[in-house]
Chemist: 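Dumping the structure here so I can ask a few things about it.
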Number of protein chains: 4
Amino acid sequence: MFFSIDSSNGVPIYEQLVRQVKFAVADGVLSTGQMIPSVRQLAQQLAINPNTIARAYGQLQTELVVEPLRGRGLVVRKDALNRCLKARNQLLAQRLKAAIEECSQAGLTRSEITTMFEAQLAGID
Amino acid sequence: MFFSIDSSNGVPIYEQLVRQVKFAVADGVLSTGQMIPSVRQLAQQLAINPNTIARAYGQLQTELVVEPLRGRGLVVRKDALNRCLKARNQLLAQRLKAAIEECSQAGLTRSEITTMFEAQLAGID
Amino acid sequence: MFFSIDSSNGVPIYEQLVRQVKFAVADGVLSTGQMIPSVRQLAQQLAINPNTIARAYGQLQTELVVEPLRGRGLVVRKDALNRCLKARNQLLAQRLKAAIEECSQAGLTRSEITTMFEAQLAGID
Amino acid sequence: MFFSIDSSNGVPIYEQLVRQVKFAVADGVLSTGQMIPSVRQLAQQLAINPNTIARAYGQLQTELVVEPLRGRGLVVRKDALNRCLKARNQLLAQRLKAAIEECSQAGLTRSEITTMFEAQLAGID
DNA sequence: GTGGTCTAGACCACC
DNA sequence: GTGGTCTAGACCACC
């Protein structure tokens with residue numbers, strides 16, 4: 001399990017964690033029935049306050065991504081994959097949409113936006 | 001002069017103002033030598049504390065977008081247009097880039113990202 | 001950490017703070033990764049309103065001198081030293097330049113300016 | 001009589017005027033008994049509020065540089081030259097001293113300051 | 001009238 | 001605990 005948090009980019013740590021778990025499920029890196037690291041273990045590994053991990057895990061439970069296995073820990077729910085795929089795509093589509101809307105409201109035309117998009121896409125890894 | 005602030009989107013009011021002034025200059029809505037609304041006037045019009053306006057105006061000065069006419073008010077600097085155009089494009093390009101990077105890191109291929117982009121672009125006004 | 005503010009010299013307190021932090025980094029008194037005093041602590045120590053400290057700290061962030069460790073405090077960025085050295089030298093050079101220009105515009109010759117400079121330099125501590 | 005004011009450099013206009021009159025006297029451009037422009041005339045010429053001119057002229061009177069000629073206007077006092085020469089040199093020396101002190105307090109050695117000074121002096125017109 | 005600074009105090013998210 | 005934002009209101013120099 002790889003988690004990487006960036007504590008100086010403004011995105012709350014617990015959100016980064018929630019997101020990374022969801023994306024891991026969507027990518028098949030984490031699959032149904034698999035356990036996620038314990039709060040303490042992950043807190044130690046990332047040198048992060050356990051409260052922060054707990055907050056992320058709480059959210060993953062309420063979003064029905066993981067469920068507790070009594071006394072054992074948290075496992076990925078059997079119905080989590082679809083949910084995570086959908087969540088991932090919605091999230092990404094929405095980010096793109098927000099960026100596009102900003103361009104549009106700033107007065108850029110569709111073709112200017114497309115040009116800008118292609119330039120940026122070309123610059124990715 | 002149109003300014004609209006959305007106090008429920010998490011973006012600080014003073015940042016929204018800074019951005020709107022820059023974009024107005026970039027769009028030619030505000031041009032060199034033109035005065036921007038006084039702190040008190042804008043505060044009243046937007047029902048916002050004058051301090052918040054002052055903070056935005058201070059930032060616009062340090063970013064060399066406006067300059068004071070002592071005791072008269074703030075005017076758009078003669079060299080502000082290029083600065084604002086550049087600032088606007090950088091900001092928008094960077095937003096697109098961030099969105100693209102997210103998609104990429106989530107495992108989408110270039111063509112998947114492009115498809116998603118086109119779908120979202122089509123949905124704009 | 002020594003900060004001393006002079007509230008009777010016309011220079012805004014927050015600017016004095018920004019400058020002192022930058023100079024401390026340039027001098028190696030503050031180094032990469034080191035935390036700067038918390039807003040509340042410094043406010044109490046200097047008997048100054050926390051808002052004023054926060055304003056200075058905000059500026060230090062936008063000038064990329066410090067960065068937040070979420071919920072922990074502000075630390076000196078790893079790339080801050082060069083920035084601060086440059087900022088310090090620019091600032092000092094510019095002060096000297098301004099003084100020299102005033103002399104020049106007042107009609108003093110180069111050698112008169114140099115004489116005056118040497119007289120003043122001799123009088124320093 | 002040449003006066004040039006820069007309303008966007010932070011130095012109060014009335015101070016710029018006071019200074020320019022003093023320096024003109026020190027340089028011999030204005031000499032004893034000569035009249036300075038009337039408030040209204042100068043206000044119009046510089047497109048400045050007459051109050052601002054009046055404030056500068058008031059200060060020049062209290063500093064014994066000019067005196068009123070009943071019903072005629074303000075003339076340079078016969079004892080103004082020495083006063084203005086001394087004022088000019090004090091002012092310039094003090095500016096240099098302040099700049100030097102800043103360098104010194106920032107940790108620069110005498111020779112570093114001298115080097116910086118010479119670099120800046122070389123760059124003057 | 002103009003903008004700039006500061007205090008006082010509240011509230012927020014985050015850790 | 002941490003910093004960030006905002007309101008409310010005072011005071012200032014300047015024009």
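Just so it is clear: chains get the letters A, B, ... in the order the sequence lines come, proteins before strands, and each one is counted from 1.
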Chemist: Flag yes if more than 12 heavy atoms outside D:Gln61 fall under 6.0 Å of its CD atom; otherwise flag no.
Modeler: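 Enclosed: over 12 neighbouring heavy atoms sit under 6.0 Å from CD of D:Gln61.
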
Chemist: Between the side chain of C:Gln20 and the main-chain N/O of C:Ser4, is any donor-acceptor distance below 3.5 Å?
Modeler: yes

Chemist: When you check the gap from the basic side-chain N to the acidic O, do C:Glu102 and D:Arg19 get nearer than 4.0 Å?
Modeler: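 D:Arg19 and C:Glu102: salt-bridged.
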
Chemist: Mind checking what makes side chain to side chain donor-acceptor pair (under 3.5 Å) contact with C:Ser31, not counting sequence neighbours?
Modeler: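 With sequence neighbours excluded, C:Ser31 shows a side chain to side chain donor-acceptor pair (under 3.5 Å) to C:Gln34, given in chain and number order.
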
Chemist: Restricting to side chain to side chain donor-acceptor pair (under 3.5 Å), what partner residues turn up for B:Gln59, sequence neighbours left out?
Modeler: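 Partners of B:Gln59 by the side chain to side chain donor-acceptor pair (under 3.5 Å) criterion, ordered by chain and then number, come out as B:Glu63.
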
Chemist: Under 4.0 Å, heavy atom to any atom of DNA chain F: which of residues 58-78 of chain C qualify?
Modeler: C:Gln61, C:Gly71, C:Arg72, C:Gly73, C:Leu74

Chemist: With sequence neighbours excluded, what pairs up with B:Gln94 under the side-chain contact (heavy atoms from CB on, under 4.5 Å) test?
Modeler: none

Chemist: What pair of heavy atoms forms the shortest contact from D:Arg77 to D:Leu64, and how long is it?
Modeler: CD-O, 3.0 Å

Chemist: The criterion is side-chain contact (heavy atoms from CB on, under 4.5 Å); which residues satisfy it with A:Asn49, sequence neighbours excluded?
Modeler: A:Asn51, A:Thr52

Chemist: Taking side-chain contact (heavy atoms from CB on, under 4.5 Å) as the test, write out the residues that go with D:Asp27, two or more places apart.
Modeler: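 By the side-chain contact (heavy atoms from CB on, under 4.5 Å) rule, D:Asp27 matches D:Val29, D:Arg88.
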
Chemist: Name all stems that contain residues of DNA chain F, defined as runs of 3 or more consecutive Watson-Crick or G-U wobble pairs, both distances under 3.5 Å.
Modeler: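 Output for stems: E:1-14 with F:1-14.
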
Chemist: Extract, from 5' to 3' on DNA chain E, the first and final nucleotides lying under 4.0 angstrom from some heavy atom of chain A.
Modeler: E:dC14 to E:dC15

Chemist: Donor-acceptor pairs under 3.5 Å, side chain of residues 8-17 of chain C to any protein atom, not counting sequence neighbours: which ones?
Modeler:
residue : atom : partner : partner atom : Å
C:Ser8  : OG   : C:Asp6  : OD1          : 3.0
C:Asn9  : OD1  : C:Val11 : N            : 3.0
C:Asn9  : OD1  : C:Gln16 : NE2          : 3.3
C:Tyr14 : OH   : C:Arg55 : NH2          : 3.2
C:Gln16 : OE1  : C:Asp6  : N            : 2.9
C:Gln16 : NE2  : C:Asp6  : O            : 2.8
C:Gln16 : NE2  : C:Val11 : O            : 2.8

Chemist: Taking all heavy atoms of B:Leu92 and all of A:Ala106, pick out the closest pair and write down the distance.
Modeler: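 Between these two residues, the closest heavy atoms are CD1-CB, 3.8 Å.
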
Chemist: Quick one: on DNA chain E, does A:Asn51 or C:Arg40 contact a more 5' nucleotide (nearest heavy atom)?
Modeler: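 Between the two, 5'-proximity favours C:Arg40.
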
Chemist: When the nearest nucleotide of DNA chain F is assigned to B:Thr52 and to C:Gln41 on a heavy-atom basis, which residue is associated with the more 5' position?
Modeler: C:Gln41

Chemist: C:Ala54: what forms a side-chain contact (heavy atoms from CB on, under 4.5 Å) with it, not counting sequence neighbours?
Modeler: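 If we apply the side-chain contact (heavy atoms from CB on, under 4.5 Å) test to C:Ala54, skipping adjacent residues, there are no hits.
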
Chemist: By a strict heavy-atom criterion of less than 4.0 Å, which residues belonging to residues 11-19 of chain A are in contact with DNA chain E?
Modeler: A:Pro12, A:Ile13, A:Tyr14

Chemist: Can you name the side chain to side chain donor-acceptor pair (under 3.5 Å) partners of C:Arg40, sequence neighbours left out?
Modeler: none

